[in-house]
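Here is the structure we will look at.
Sequence positions, counted from 1, serve as the residue numbers for this chain.
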Amino acid sequence: MTNRSWKKVILGLIFLILSVFYTILFFKKANFGETMVFNVAHLKSLSNVFVSPINFDFWNHTGSQINFFSPWLTVLTGWLFVQFNVTYGFSVYLTIITFLTLISAYFFMNKFHKDTFEAILFAIAYTFSLNRFVLVFFNQRLENYLALIFLPMVYFGLYQFLTNQSWKYLVWGEVLLVWTSPYLAIAVAMTAIVAFILIPFYKVSHSWNYLKNFSFNIFKVIGMGILTTIGFIGPLVLKQLNLNWQQDPIKNFGYLNWFINLHLPQTQWYLLIAVGGLLLLLILMIFLQSSFAYKVIILEIIPITCLLIFQPTILKLDISRLIFAFQSIFDLFIIMILCRIILLVFQESPATLRLMILLISIVGLGYINYSQVSSDNPKQTLQMADSVNYNKFVMNYHDVAKNSNNVFKVDGKEERVSYHTKGSNYWIQYINPQTTALEVPIQYLANYQVQVNNEPVSVKKTKQNTIQFKTNPGKNMIEIHSRYDWPSLSLLTINLFGFMLLIYFSLQNIPLKNKKNPENS
């Protein structure tokens, strides 16, 4: 192995050790609350997602339609880890996520600026930042910190796209974000629009050749983006046409109220103003001395900061989740600027001093993460994960799954009924000498295949959004099967074709083996 290869191996081992430390911290300290149970139940319920988005084994057997609203492609990677042991499986999965976040941040920053010190510093600061700490230990929604793996990729892809180098990283990053965290993908797209508006100030763009390639690449990005996300967006839109679905707003951190309620003494206010002025001067120095890409980032930070501080309301639209997504983008941009400041200040410094800065960053951020985590209830840690009944766990995920209480009704009256579920299949055995109207406590879906004694029956939707049908006199063997309908299957097939096409385009310029040059070439 070459000296350069050994450096990469050592760096990879350091990243792996840091990832294991972060997971051990999570394992020991993090509360195993409702959101974490939701993560594990979501992973387990994905076992039949390629057959149907409905899994009757979980969500208290209500047929919750969570997979219509929550992207499952990237989250599906964790399904295998929690099958046998939730505690260790989820711990390994979190370690892999942290490791990949470090690798992604280092790789794309190194490709962007080609400075190893800055890339390592950025990877450490980004992965162990306060924002990711809050996502992992408090918010605990798997897709939120899984999406941070793809955030550096999509912005490096945007940089390459705007400089007419390539469009593929941008498509891959945005597609993976859509399949992980749609609101974050929308927020990234909004920042990309701002970058497009600023592109006329980029000198390289002042040529017909640039404009021709730029326009052609826009069609590629839009076309491939639609082809590779239609499998999630299409069924979601079709579902929305039949049901007026609306998410509940979330409560974001109030920066303005927090700042007002600090009640600092006058001297500390002066000190804070002085520090703020110094920071603004440093950012101005970055703006004047850095490339066009950093200028765009600094200009992007201004409206994002205003959005996070004032959190405006736009007509009757709920943008609380969009504001939450912008926090991760703001975190990425601020860390990039801070790393740039450190690089400019210490660019002439010896290697030992740079190594010391990296060690201080690792130890300092590690200590901050460790000191901030506390468990109010020591028993509510990840160690209790295997004792939870995930099948009965329910969460009101924008449907009425939480309200059904798994109660059968016969002619409007509650009655105990024997039933069995497996994946997307639901079996009921019911005996009654008379014809009855049986209401089954599962969410109504138009494409259910319902049979009574092997004969198809018509299904009605009740006021509770559950299903109801007529039974026969005597013994009834009832089967309910959930499958993707033909429009959804068509869209998933198109999506698969889009991924195959994107992989083909991505592999075109990658050499499969090293070619030996002729001796006198």
Side-chain angles (χ1 to χ4, degrees), residues 11-47 49 58 70-106 123-124 126-151 176 180-181 328 362-363 365-393 395:
L11 183 61
L13 288 174
I14 293 172
F15 284 169
L16 182 60
I17 292 169
L18 292 174
S19 303
V20 171
F21 165 78
Y22 202 76
T23 303
I24 292 173
L25 178 65
F26 179 86
F27 186 87
K28 294 291 184 182
K29 294 285 187 177
N31 285 330
F32 194 75
E34 186 180 77
T35 50
M36 188 53 65
V37 177
F38 168 80
N39 282 333
V40 178
H42 191 195
L43 290 175
K44 284 178 170 289
S45 69
L46 292 173
S47 58
V49 73
F58 294 88
S70 181
W72 45 263
L73 184 63
T74 52
V75 180
L76 185 62
T77 55
W79 171 75
L80 185 63
F81 292 97
V82 297
Q83 289 308 297
F84 306 105
N85 186 283
V86 174
T87 305
Y88 296 109
F90 198 87
S91 300
V92 171
Y93 188 45
L94 182 62
T95 303
I96 293 172
I97 291 174
T98 305
F99 180 72
L100 291 178
T101 306
L102 283 164
I103 294 295
S104 173
Y106 167 78
I124 292 169
Y126 175 71
T127 306
F128 303 111
S129 67
L130 186 61
N131 177 70
R132 189 172 184 273
F133 165 79
V134 171
L135 291 178
V136 174
F137 289 97
F138 292 98
N139 188 266
Q140 291 188 349
R141 285 296 292 271
L142 182 63
E143 62 269 22
N144 290 331
Y145 47 94
L146 185 64
L148 296 186
I149 299 173
F150 314 122
L151 209 50
L176 290 171
T180 310
S181 178
S328 295
I362 293 171
V363 174
L365 289 170
Y367 175 76
I368 291 172
N369 278 263
Y370 183 80
S371 61
Q372 291 296 317
V373 177
S374 62
S375 178
D376 297 328
N377 186 357
K379 295 181 180 179
Q380 298 292 319
T381 61
L382 195 60
Q383 294 175 344
M384 63 167 284
D386 283 302
S387 62
V388 176
N389 189 340
Y390 296 101
N391 293 28
K392 290 188 176 181
F393 175 77
M395 189 171 184

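- Ser45 places a side-chain N or O within 3.5 Å of a backbone atom of His42 that can act as its donor or acceptor partner.
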**Message:** The test is side-chain contact (heavy atoms from CB on, under 4.5 Å); show your working for Val40 and Phe90 and say whether it passes.
**Reply:** CA-CA 8 Å; Val40 178; Phe90 198 87; 4.3 Å; yes

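- Of all non-hydrogen atoms in Ser181 and Ala147, the two that sit nearest each other are CB-CB, 4.0 Å.
- If you take CD1 on Ile96 and OG1 on Thr77, they are separated by 8.5 Å, rounding to the nearest 0.5 Å.
- By the side-chain hydrogen bond (donor to acceptor under 3.5 Å, both in side chains) test, Thr127 is found to be paired with no residue, residues two or more places apart in sequence or in another chain being considered.
- Between the CZ atom in Phe15 and the CD1 atom in Ile103 there is a gap of 5.5 Å [rounded to 0.5 Å].
- Residues forming a side-chain hydrogen bond (donor to acceptor under 3.5 Å, both in side chains) with Asn144 (at least two apart in sequence, or on another chain): Asn139.
- In this structure, Phe38 and Gln140 have side chains that are not in contact, with every pair of non-hydrogen atoms separated by 4.5 Å or more.
- With rounding to the nearest 0.5 angstrom, the CZ atom of Phe58 is 9.5 Å from the CG atom of Leu46.
- Within the model, atoms CD1 of Ile124 and CG of Leu18 stand 6.5 Å from one another, a figure rounded to the nearest 0.5 Å.
- For Ser19, the side-chain contact (heavy atoms from CB on, under 4.5 Å) partners are Thr95, Thr98, Phe99, Leu102, not counting sequence neighbours.
- Residues Leu43 and Asn39 are not in side-chain contact: their nearest non-hydrogen atoms beyond the backbone lie 4.5 Å or more apart.
- For Tyr390, the side-chain hydrogen bond (donor to acceptor under 3.5 Å, both in side chains) criterion is met by no residue, not counting sequence neighbours.
- If you look at Phe133 and Phe128, their ring centroids are not closer than 6.0 Å.
- Between atom CG of residue Leu80 and atom OG of residue Ser47 there is a gap of 12.0 Å, rounded to the nearest 0.5 Å.
- Side chains of Ser104 and Ile149 form a contact here, defined as non-hydrogen atoms less than 4.5 Å apart.
- Considering only residues two or more places apart in sequence or on other chains, Asn131 meets the side-chain hydrogen bond (donor to acceptor under 3.5 Å, both in side chains) condition with Ser328.
- Atom CG of Leu142 sits about 9.0 Å away from atom CG of Leu94, to the nearest 0.5 Å.
- Under the 6.0 Å cut-off for aromatic ring centres, Tyr126 and Tyr106 do not qualify, their centroids lying 6.0 Å or more apart.
- Annotation: side chain of Glu143 is not in contact with side chain of Thr74 (no heavy-atom distance under 4.5 Å).
- When all heavy atoms are compared, the tightest approach of Thr180 to Leu176 is OG1-O, 2.5 Å.
- Between Val49 and Leu73, the closest side-chain pair of non-hydrogen atoms is not below 4.5 Å.
- Applying the ring pair (Phe, Tyr, Trp, His ring centres under 6.0 Å) criterion to Trp79, with sequence neighbours excluded, gives no partner residue.
- Classification of the Tyr93-Phe81 ring pair by plane angle, with boundaries at 30° and 60°, yields parallel.
- In this structure, Thr101 and Arg132 have side chains that are in contact, with non-hydrogen atoms separated by less than 4.5 Å.
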